Amino acid sequence: MPPKLLSYSDVGSPVHRLNGVTKLIAFLLFSIAGMVSYDTRCLLVMLVISLSVFYISKVPFKQYSFVLYLILIFSALNQLAIFLFSPEQGVQIYGTRHELLHIAGRYSLTSEQLFYQFNVLLKFAVVVPPALLFLLATEPSEFASSLNRVGVSYKVAYAISLTMRYIPDVQQEYVNISTAAQARGIDLSKKEKLGRRVKNMAAILLPLVLATLERIEKVSAALELRGFGRKRKRTWYRSRPLTKRDTLVIAGAVLISAAVLVITFWDGSRFYNPFV
Amino acid sequence: MQSSKGFSVKTVVAIGIGAALFVVLARFGSIPTGIPNTNLQTNYAILALFALLYGPWAGLLIGLIGHTVADLISFGPWFSWIIASGVFGLLAGLFSRGIRIHDGEFGGKEILRFNIAQIIANAAAWFIVAPVLDILIYAEPANKVFTQGLAAGAMNMVTVAILGTLIAIAYSKTRTKRGSLTREA
């Protein structure tokens, strides 16, 4: 019954063979550049790059199709909301006004608004492929060691790998508790009144939280018995040295994001303005 | 337990598993209110509770890790709100510091403090941090992001006030109170 969350599978592509550190650094650099830049040309180039890397990675479509639909729905709603709340945002940013079509009242379609909303979409689209790739093409136990390598404290890195490890377990527990509760007539669907539904949710959350707290006690006792956290450093079972290929990719990512930042701010504004 | 070098083992595990719980509830544990696309997010009640139990740093990291993973497995990372979740966990933990829920103390006074803490944390995270970052990072229209922030913040306040308080009370009842033993004459 529970839909499968995104999971790693090794299809042996060049992207899979890259070191986890490399993928993490590339993902972070792309995210930062994508967040800062509003330059359409840069964003388009970045999108092309991240899509081609995604293509090279050969991740099977069905592994992320579900995510893709959600992304489409989310973006569509967000675009609609932007237009409803502020149909003149593009005009404000780009300083000119080319009206294409008057809709009604204060709503009219301008090319500036279309261009602005296209940029918002682009900004989001640029980050999605590297994020998905980092998640789908990195061995989970390599996560923690890569994070530690780039300077995250090993305890925090370990906490993140614990999260990845325990999501399926907690999910199973949630499903068990909620089906058991439903069998006893505790309804969470829309048929129940809202107040009642909240109360019913509490009836499911309480055992779930108590079970989770107990799990925390158990796992931390086990870790403590193995001497976790005694030393300032630790080694990782899954950590590989960087190869030549990794250095190349990291250098490439650094160059691209540096270029993006330079080109974006060259004229002193983070927006690329085709209207003047 | 405070500085990032000195996390206790239990805090590390609580961050990891707490974030897993946050992710699972983000996906499956939301209650539809009847208004389209508006759900009561039960995971923020859990985040406030874990911040209360394990402190502000745990709250910060559960918020950041949990929200990032939850976003990645649903529609890709939306950074401004991820940071806001972390801020919420941090502040909720910071202002509810000193409540000794582990010793079974969660009466009227503590309930009040916990709720003041969560309301301040929600207000800071969703009325200020999330919309301001939306404007800075994504240059989204101000009236849109502030409306979204107000709606999300108000709903999270209600969710945490009801569910968070209920669960915290129930949890405190499972703990043995300090000084609850009486000597038999």
Side-chain angles (χ1 to χ4, degrees), chain A residues 2 5-6 31 35 38 67 70-71 73-74 77 81-82 84-86 89 93 120 123-124 127-128 131-132 135 153 155-156 158-167 169-171 174 178 188 190 194 197-198 201-202 205-206 208-210 212-213 215-217 219-220 223-224 228-229 232 271, chain B residues 4-25 27-29 31-34 37 40 42 45-46 49 53-54 61-62 65-66 69 71-79 137-145 147-148 159 162-163 166-167 170-171 174:
Chain A
L5 301 174
L6 291 177
S31 308
M35 272 200 283
Y38 237 105
V67 176
L70 278 177
I71 292 172
I73 296 170
F74 172 80
L77 283 174
I82 291 178
L84 285 180
F85 275 99
S86 186
Q89 181 79 5
I93 290 175
V120 174
K123 248 166 113 66
F124 187 57
V127 194
V128 172
L132 278 179
L135 207 68
S153 129
K155 289 183 174 175
V156 176
Y158 198 83
I160 294 173
S161 74
L162 275 177
T163 307
M164 304 312 283
R165 159 71 183 77
Y166 278 101
I167 287 173
D169 287 40
V170 175
Q171 185 183 354
Y174 174 78
S178 108
L188 287 176
K190 281 184 180 157
L194 185 61
R197 236 185 286 159
V198 173
M201 195 68 201
L205 281 184
L206 184 60
L208 184 64
V209 169
L210 293 181
T212 307
L213 293 177
R215 197 193 288 268
I216 291 173
E217 297 285 327
V219 175
S220 60
L223 277 174
E224 202 137 16
F228 177 86
R232 293 179 61 84
F271 298 97
Chain B
S4 72
K5 285 221 170 50
F7 280 138
S8 72
V9 179
K10 192 178 272 180
T11 315
V12 173
V13 178
I15 293 167
I17 299 184
L21 184 60
F22 185 93
V23 172
V24 169
L25 287 178
R27 274 299 289 283
F28 305 106
I31 310 171
T33 51
N37 280 313
L40 290 178
T42 54
I46 298 302
L49 181 72
L53 291 175
Y54 298 100
L61 286 168
I62 293 175
I65 300 170
V69 178
D71 263 10
L72 280 176
I73 59 177
S74 51
F75 48 70
W78 192 263
F79 295 105
I137 299 177
Y138 299 99
E140 293 214 331
N143 56 356
K144 173 199 176 240
V145 293
T147 314
Q148 279 181 325
T159 318
I162 301 173
L163 287 175
L166 276 178
I167 296 169
Y171 169 76
T174 68

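So that the names make sense, note that chain A is the first sequence line, chain B the second, and so on, each numbered from 1. Because the structure is predicted, anything quoted here is derived from the model rather than measured.
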Item to check | Any A:Leu208 side-chain heavy atom under 4.5 Å of B:Val24 side chain | outcome: no
Next on the checklist: Looking at A:Tyr158 and B:Val12, would you say the former's side chain and the latter's main chain have a donor-acceptor pair under 3.5 Å?
Outcome noted: no
Next on the checklist: Using side-chain heavy atoms (C-beta onward) and a distance below 4.5 Å, is A:Phe85 in contact with B:Thr147?
Outcome noted: yes
Checklist entry - Are A:Val156 and B:Phe7 side-chain neighbours, meaning at least one heavy-atom pair lies under 4.5 Å? => result yes
Item to check | Mutual orientation of the aromatic rings belonging to B:Trp78 and A:Phe74 [parallel < 30°, tilted 30-60°, perpendicular > 60°] | outcome: perpendicular
Checklist entry - What do you reckon, is NZ of B:Lys10 surrounded by more than 12 foreign heavy atoms closer than 6.0 Å? => result no
Checklist entry - Could you give the distance from CD1 (B:Ile17) to OG1 (A:Thr163), rounded to the nearest 0.5 Å? => result 8.5 Å
Next on the checklist: Need one label for A:Glu224: side chain, backbone, both or neither, based on atoms under 4.5 Å from any heavy atom in chain B.
Outcome noted: both
Item to check | Least distance between heavy atoms, A:Phe228 atom then B:Val9 atom | outcome: O-CG2, 3.5 Å
Next on the checklist: Using a 3.5 Å distance criterion without hydrogens, assess whether the side chain of A:Lys155 forms a donor-acceptor pair with backbone atoms of B:Thr11.
Outcome noted: no
Checklist entry - With side chains defined as the heavy atoms from C-beta onward, is the minimum distance between A:Ser86 and B:Lys144 less than 4.5 Å? => result no
Checklist outcome for this item: Applying a strict 4.5 Å limit to non-hydrogen atoms, the region of B:Phe79 in contact with chain A is side chain
Next on the checklist: Counting heavy-atom pairs closer than 4.5 Å to chain A, which one of B:Thr174, B:Leu25, B:Leu166, B:Ile62 comes out on top?
Outcome noted: B:Leu25
Checklist entry - With chain A, which of B:Ile65, B:Ile15, B:Leu49 has the greatest number of heavy-atom pairs at distances under 4.5 Å? => result B:Ile65
Checklist entry - Under a 4.5 Å heavy-atom cut-off, does chain A meet the side chain of B:Ala139, its backbone, both or neither? => result both
Checklist outcome for this item: Nearest heavy-atom approach of B:Ala170 to A:Leu206 is CB-CD1, 3.4 Å
Checklist outcome for this item: The interface call for B:Ile137 against chain A, heavy-atom contacts under 4.5 Å, is both
Next on the checklist: Just so I understand: if I count every heavy-atom pair under 4.5 Å between each of B:Ile162, B:Ile167, B:Asn143, B:Thr42 and chain A, which residue has the most?
Outcome noted: B:Asn143
Item to check | Side chain, backbone, both or neither of B:Leu21 within contact of chain A (heavy atoms, under 4.5 Å) | outcome: both
